Student: 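Input: one structure, supplied below.
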2 protein chains.
Amino acid sequence: MPVQKVTREEILQKAMRVFKRQGFHRTTMDDLARACGLLKGSFYHYFSSKEMLMKEVLWHANTYNEKHIFSIAYQESGTPKQRLMDLLDALFDGVLRTEGGCLMGNTVLETALVTEEFKEPLRVHFNNAIAALAHLYRTSHSDEKAQELAQQVTVDIQGSLLLVKLFGNEQLLTDCRNRAVERL
Amino acid sequence: MPVQKVTREEILQKAMRVFKRQGFHRTTMDDLARACGLLKGSFYHYFSSKEMLMKEVLWHANTYNEKHIFSIAYQESGTPKQRLMDLLDALFDGVLRTEGGCLMGNTVLETALVTEEFKEPLRVHFNNAIAALAHLYRTSHSDEKAQELAQQVTVDIQGSLLLVKLFGNEQLLTDCRNRAVERL
DNA sequence: GTCTATAAAACGATAGAC
DNA sequence: GTCTATCGTTTTATAGAC
């Protein structure tokens with residue numbers, strides 16, 4: 001009787017790492033299966049296609065981020081400044097712990113014009129990010145100004161991650177974090 | 001006797017548009033050949049591989065940008081503010097005239113960790129961009145501050161382009177342009 | 001210089017044994 | 001649930017006619 005090697009949850013986790021590092025089109029089903037210790041044939045027991053898997057990975061990441069990162073903005077304990085710093089630390093930790101930067105940002109630039117189906121989870125992610133930041137900036141700014149600042153910080157993060165990926169200088173993220181906190 | 005349908009120059013131009021829209025890995029040699037009105041077989045007369053073609057496209061874009069966009073920063077006529085606005089207009093024009101956003105930014109996120117050979121032209125591009133902006137900011141700030149501002153504006157542009165690609169809201173670029181001018 | 005034809009490999013996906 | 005085997009397609013790249 002065949003022993004179950006991985007759970008669906010573990011596959012989503014491992015697949016995310018591979019997609020983050022190699023991008024969607026560069027990654028093969030063989031890459032993904034091997035990253036999970038499986039052979040390609042076995043992989044289709046869990047997911048019917050590469051696109052379906054990617055969609056699930058993106059939604060899964062959204063759920064995780066809502067629960068463990070963006071939720072920090074809405075905590076009742078801690079000052080807004082502390083919550084902002086904690087949120088950014090959690091965000092950058094996730095981004096830097098494995099190679100490839102931000103899966104969401106990478107996937108936007110790689111697929112936005114060729115794969116309509118990924119746009120919905122990607123939009124949800126960035127809307128969540130902006131909403132969480134805006135919630136914090138509203139504690140010291142007007143609604144409009146807070147929304148504007150939240151957008152600017154989101155843009156700042158993604159642009160910084162791009163230069164980090166190219167030049168390897170992680171100091172850019174520290175600077176980005178400081179700018180976000182200073183704007184409170 | 002076969003008539004020459006396209007010049008090498010035209011191929012680089014057309015190929016850039018396709019890569020910009022679809023990304024490197026999603027684009028096939030057949031896509032590229034057809035975009036030039038050629039058949040795949042004919043295409044290898046000009047370029048030995050897709051990677052070689054992409055490298056040439058990136059270097060070609062660098063030459064164009066140096067000559068027609070970043071050079072604006074170093075012109076002797078016009079105020080720094082005017083030159084900054086002209087430079088950003090030229091940059092955004094090139095980015096918005098065809099679909100896909102910024103080829104350089106897209107290619108960084110898609111290939112930085114999987115294709116070492118593209119990193120050199122990509123780094124040259126972003127170094128050129130930052131240098132041109134820093135040159136302008138130096139007219140009203142210290143060397144260090146100008147460099148810092150130039151980096152921030154570069155990051156701002158790339159992050160804004162990412163959100164524009166996802167949400168289609170080009171107002172984000174206008175805001176980005178205004179922020180860049182205000183920092184002078 | 002462009003075409004047709006094709007080789008050779010990679011890839012997404014399926015079928016069936018265990 | 002995982003494996004092996006394989007199908008059908010796509011893709012990169014080459015060879016040779018015109």
Side-chain angles (χ1 to χ4, degrees), chain A residues 1-58 60 100 103 106-107 110-111 113-118, chain B residues 1-58 60 106-107 110-111 113-118:
Chain A
M1 189 156 67
V3 179
Q4 180 154 349
K5 288 186 169 181
V6 289
T7 64
R8 198 179 172 84
E9 171 85 12
E10 284 167 343
I11 292 182
L12 291 172
Q13 192 81 20
K14 307 258 190 189
M16 190 186 76
R17 287 177 63 143
V18 181
F19 279 134
K20 208 175 101 159
R21 190 183 138 68
Q22 303 195 338
F24 178 73
H25 292 107
R26 169 64 204 265
T27 298
T28 70
M29 287 300 261
D30 192 59
D31 291 335
L32 295 162
R34 284 181 193 282
C36 302
L38 294 176
L39 291 181
K40 191 171 50 162
S42 317
F43 215 66
Y44 285 88
H45 175 71
Y46 295 93
F47 302 95
S48 58
S49 73
K50 198 171 79 163
E51 281 207 2
M52 288 294 294
L53 170 55
M54 181 53 134
K55 279 205 284 189
E56 282 213 45
V57 165
L58 293 175
H60 184 260
L103 173 67
N106 296 349
T107 308
E110 187 188 351
T111 72
L113 270 71
V114 287
T115 313
E116 198 67 24
E117 308 182 355
F118 299 158
Chain B
M1 189 157 65
V3 179
Q4 179 153 349
K5 289 186 169 184
V6 289
T7 64
R8 198 180 173 83
E9 171 86 11
E10 285 167 342
I11 292 182
L12 292 171
Q13 192 81 20
K14 307 256 189 190
M16 192 187 73
R17 288 178 62 142
V18 181
F19 279 135
K20 210 175 100 160
R21 190 183 138 65
Q22 304 196 339
F24 178 73
H25 292 107
R26 168 66 204 266
T27 297
T28 68
M29 289 298 262
D30 191 60
D31 291 335
L32 295 163
R34 285 182 192 280
C36 301
L38 293 177
L39 290 181
K40 194 171 45 164
S42 317
F43 215 66
Y44 285 90
H45 175 72
Y46 294 94
F47 303 96
S48 59
S49 72
K50 199 170 76 163
E51 281 206 3
M52 288 295 292
L53 170 54
M54 181 53 133
K55 279 205 285 188
E56 281 212 45
V57 165
L58 294 175
H60 184 258
N106 297 348
T107 307
E110 189 187 348
T111 71
L113 270 71
V114 287
T115 313
E116 199 67 24
E117 307 182 355
F118 299 158

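All of these numbers come straight from a predicted model, not from anything done at the bench. Quick note on labels: first sequence line is chain A, next is B, and so on, each numbered from 1.
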Student: Looking at B:Lys50 and B:Thr27, would you say the former's side chain and the latter's main chain have a donor-acceptor pair under 3.5 Å?
Tutor: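 Such a contact is found between B:Lys50 side chain and B:Thr27 backbone.
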Student: Among side-chain atoms of B:His60 and B:Gln13, is any donor-acceptor pair under 3.5 angstrom?
Tutor: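 Judged by distance alone, the side chains do not pair up.
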Student: Considering only side-chain heavy atoms of B:His45, which listed nucleotide, C:dT4, C:dT2, D:dC3, is closest?
Tutor: C:dT2
Student: Give B:Thr7 one of three labels, base, sugar-phosphate or nothing, depending on what nucleic acid heavy atoms sit under 4.0 Å from its own.
Tutor: nothing
Student: Could you check how far CZ of A:Phe47 sits from P of D:dG1, rounded to whole Å?
Tutor: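 Between P of D:dG1 and CZ of A:Phe47: 12 Å.
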Student: List, with names and distances, any nitrogen or oxygen atoms from the protein found under 3.5 Å away from nitrogen or oxygen atoms belonging to nucleotides 13-17 of chain D.
Tutor:
residue, atom, partner, partner atom, Å
D:dA13, OP2, B:Tyr44, OH, 3.4
D:dA13, OP2, B:Lys50, N, 3.4

Student: Nearest to the side chain of A:Val6 - D:dT2, C:dT2, C:dC3?
Tutor: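 Among D:dT2, C:dT2, C:dC3, the one nearest the side chain of A:Val6 is D:dT2.
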Student: In whole angstrom, give the distance that lies between atom CZ of B:Arg26 and atom C1' of D:dT11.
Tutor: 13 Å
Student: What's the closest nucleotide to the B:Tyr46 side chain, out of C:dT2, D:dT11, D:dT2?
Tutor: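 The answer is C:dT2, which lies nearest to the side chain.
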Student: Looking at every heavy atom in both A:Glu110 and A:Phe24, which two are closest together, and how far apart are they?
Tutor: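 Nearest heavy atoms, A:Glu110 then A:Phe24: OE1-N, 2.9 Å.
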Student: Below 4.5 Å, heavy atoms only, C-beta onward: do B:Glu51 and B:Met54 meet side chain to side chain?
Tutor: no
Student: Measure NE2/A:His25 against C1'/C:dG12 and give the value in whole Å, please.
Tutor: 13 Å
Student: Rounded to whole angstrom units, what separation is found between the CD atom of B:Gln4 and the P atom of D:dC18?
Tutor: 22 Å
Student: What is the separation between atom CZ on A:Phe43 and atom C1' on D:dT4, rounded to the nearest whole Å?
Tutor: 18 Å
Student: Indicate yes or no: at least one non-hydrogen side-chain atom of B:Leu32 is less than 4.5 angstrom from one of B:Phe47.
Tutor: no
Student: Indicate yes or no for a side-chain donor-acceptor contact from A:Asn106 to the backbone of A:Gly100 under 3.5 Å, with no hydrogens or angles considered.
Tutor: yes
Student: For A:Lys14, does the NZ atom sit with more than 12 other heavy atoms under 6.0 Å from it, leaving out its own atoms?
Tutor: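 Atom NZ in A:Lys14 is not crowded, with 12 or fewer foreign heavy atoms closer than 6.0 Å.
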Student: How long is the line joining CG of A:Leu39 and C1' of D:dC3, in whole Å?
Tutor: 7 Å
Student: D:dT2 C1' sits how many Å from A:Asp30 CG, rounded?
Tutor: 15 Å
